[in-house]
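Sequence positions, counted from 1, serve as the residue numbers for this chain. Atoms within each ligand, like the ligands themselves, are counted from 1 in listed order.
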Amino acid sequence: MCGEVAPDRVGQRVALAGWVDTRRDHGGVVFVDLRDRAGKCQIVVNPERAPQAFAAVHGVRNEFVLRVEGEVVRRAPEAVNPSLPTGEVELQVDSLEVLSRCPPLPFQLDEEGVDETLRLRHRWLDLRRPRLQRNIGLRARMVSTIRRVMDAAGFLEIETPILAKPTPEGARDFLVPSRLQRGSFFALPQSPQIYKQLLVISGFDRYYQIARCFRDEDLRADRVQEITQLDVEMAFPDRETIFALMEEMAAAVWGECIDVSLETPFPRLTWHDADRLYGSDKPDLRFGLELADATAVTRDSGFGVFAGAEDVRYLTVPREYSRGELAQLETFAKEWGAPGLAYLIFGADGEIRSPVAKFLSEAEIEAVRAAPGSTVLFGAGPRELVSRVLGQLRLQLGQELGLIDETAWRFVWITDFPLLEWAEDEQRWAARHHPFTSPVPGSEGLLESDPGAAIAQAYDLVCNGVEIGGGSIRIHRQELQQRMFDVLRISAEEQRSRFGFLLDALAMGAPPHGGIAFGIDRMTMLVAGERNLRDVIAFPKNQAGVDPMTGAPSDVEPGQLAELGIRLAPGVGGTGGASG
Ligand code: ASP
């Protein structure tokens, strides 16, 4: 390989094949950096040594594919390039063959900031860039490491259908019309959730799969519609077994991919504590700056906003902010829904500066008092709002104040999630994880009486503020599953038509079971240090959900639609492909 020509090969004859990374003409001698997946090697074409090769190299441009043969020699001391593993040597060429040519490029591979659509359109060029070569390589290593750990733990890899029935994971389904059953549709799986439960019920007590999941959601930098997950399910689970196995998996992945050794077991936080201290169910623990609670002490506050609030919490920042800075922080808080941002400055001079101080009692001020030279920022209102605003403010301040240790890996399990959440627009309870998640034994009785208070046997694994995995212990009794569907206001008929097969299976010897799933794209993004999921996927769609390279999704022949019994609504389609 080009990247493997090391000094121990000096004096040997070798043949290399690869892409022209750069070509430089130096007073009659031509230098080419030849590149392959392993790296680059400098080759030297000297007209006296190899007249034919010299003639051939003349028309060579970037990204031509060459095959060369010659002798590995040591570079002159002044020509050594210490930044390249092959920087001490070069290849003196005897013969050179052009295997493939390339026109001028739409963008240079070493160019920064190239438009993403242009990159995706020519993905075969984009993927040649060292960064993407590395990312895709990391991803492959991650998947093979995962398989090794799961196989060793006795899990069987089993595939599940892609043409499936809708699985509720909270996103829209991608639908596929059936030709043989006209008018009926498959859904692409949002996850193999029900299939994996059925596999365990079928006696495959330890299942896993590197599974493709499809969720028709709006796209963001950290969200794509087609995701790959490590999907896991087991019979007779106990949470500790699942946690320990997944910690082993994560430690192996971080070790193999980026040579980082993780300390296990990972710490745990209940959802309640995570929310209270960090205003988030995926807290970034690379820095402190915890929220503190002032609800009790402000109950009878002279400041009406505090007195009337369900929840009053605050952040103490070791800085005396100026009016201008506070105005900016207030704008930020308002973007997250806060009506305003109350503050107290404890000046270095011992003075307290704040428009609200005059309404607060001595006891209130003492309860939140901070060291001279600090600012206390308050959130007051419904608990969820306070969490959202202060949680986001905490992240923002962590960045601004440089509190985040960028070299740290902070994992944390979040446990004891609420089972249900109120869906305001539909005026009903919705499953927070999915409807197959079991309540903790003590919460079963709350399902009907106080659904909002029921706790789920659900857990997430969070790394540096990113949720990388999540799962639960499942409901394995038919009657409890039916009760859960009832709470979710899924009618008896709908329970039958959508989930009848699962309810039947649960009644026929279903063992206790549970599992988890990890986002492989997100994990790769983390270990690769990337901010954009698309940079760790070989052929991603763009922000608009379109593949600029193939033009997918595109329109189809009218005959194909007719076979499916489908007619497009007036004004829909017929544009010759979504990419234009
Ligand atoms: N099916 C869940 C998901 O895809 C994971 C699980 O509960 O195992 O998020």
inquiry  = Only heavy atoms of His433, strictly under 4.0 Å: list the atoms of ligand 1 that pass.
reply    = 6 (C), 7 (O)

request  = Run the contact test for Glu467 against ligand 1 with a 4.0 Å cut-off on heavy atoms, strictly below, and give the result.
outcome  = no

inquiry  = Any donor-acceptor pair under 3.5 Å linking the side-chain atoms of Gln396 with those of Glu400?
reply    = yes

query = Does a donor on one side chain and an acceptor on the other come within less than 3.5 Å for Arg388 and Ser280?
reply = no

inquiry  = Tell me whether Gln190 has any N or O atom under 3.5 angstrom from an N or O of ligand 1.
reply    = no

query = With a 4.0 Å cut-off on heavy atoms, does Arg474 reach ligand 1?
reply = yes

inquiry  = So is Glu233 touching ligand 1 or not, going by heavy atoms under 4.0 Å?
reply    = no

task = Give me the one residue out of Asp293, Asp311, Asp275 that meets salt bridge (charged side-chain N to carboxylate O under 4.0 Å, His left out) with Arg383.
result = Asp275

message = Between Asp216 and Gln190, is there a side-chain donor-acceptor contact under 3.5 Å, judged purely by atom types and distance?
response = no

remark   = Ranking Gln197, Arg215, Lys196 by closest non-hydrogen atom to atom 4 (O) of ligand 1, top hit is Arg215

inquiry  = Any nitrogen or oxygen of Gln193, side chain or backbone, less than 3.5 Å from one on ligand 1?
reply    = yes

query = So, Tyr459 versus Asp416: side-chain donor-acceptor pair below 3.5 Å or not?
reply = no

ask   = Hey, mind stepping through Asp486 and Arg483 against salt bridge (charged side-chain N to carboxylate O under 4.0 Å, His left out) and telling me if it holds?
value = CA-CA 5 Å; Asp486 291 341; Arg483 269 174 71 196; over 6 Å; no

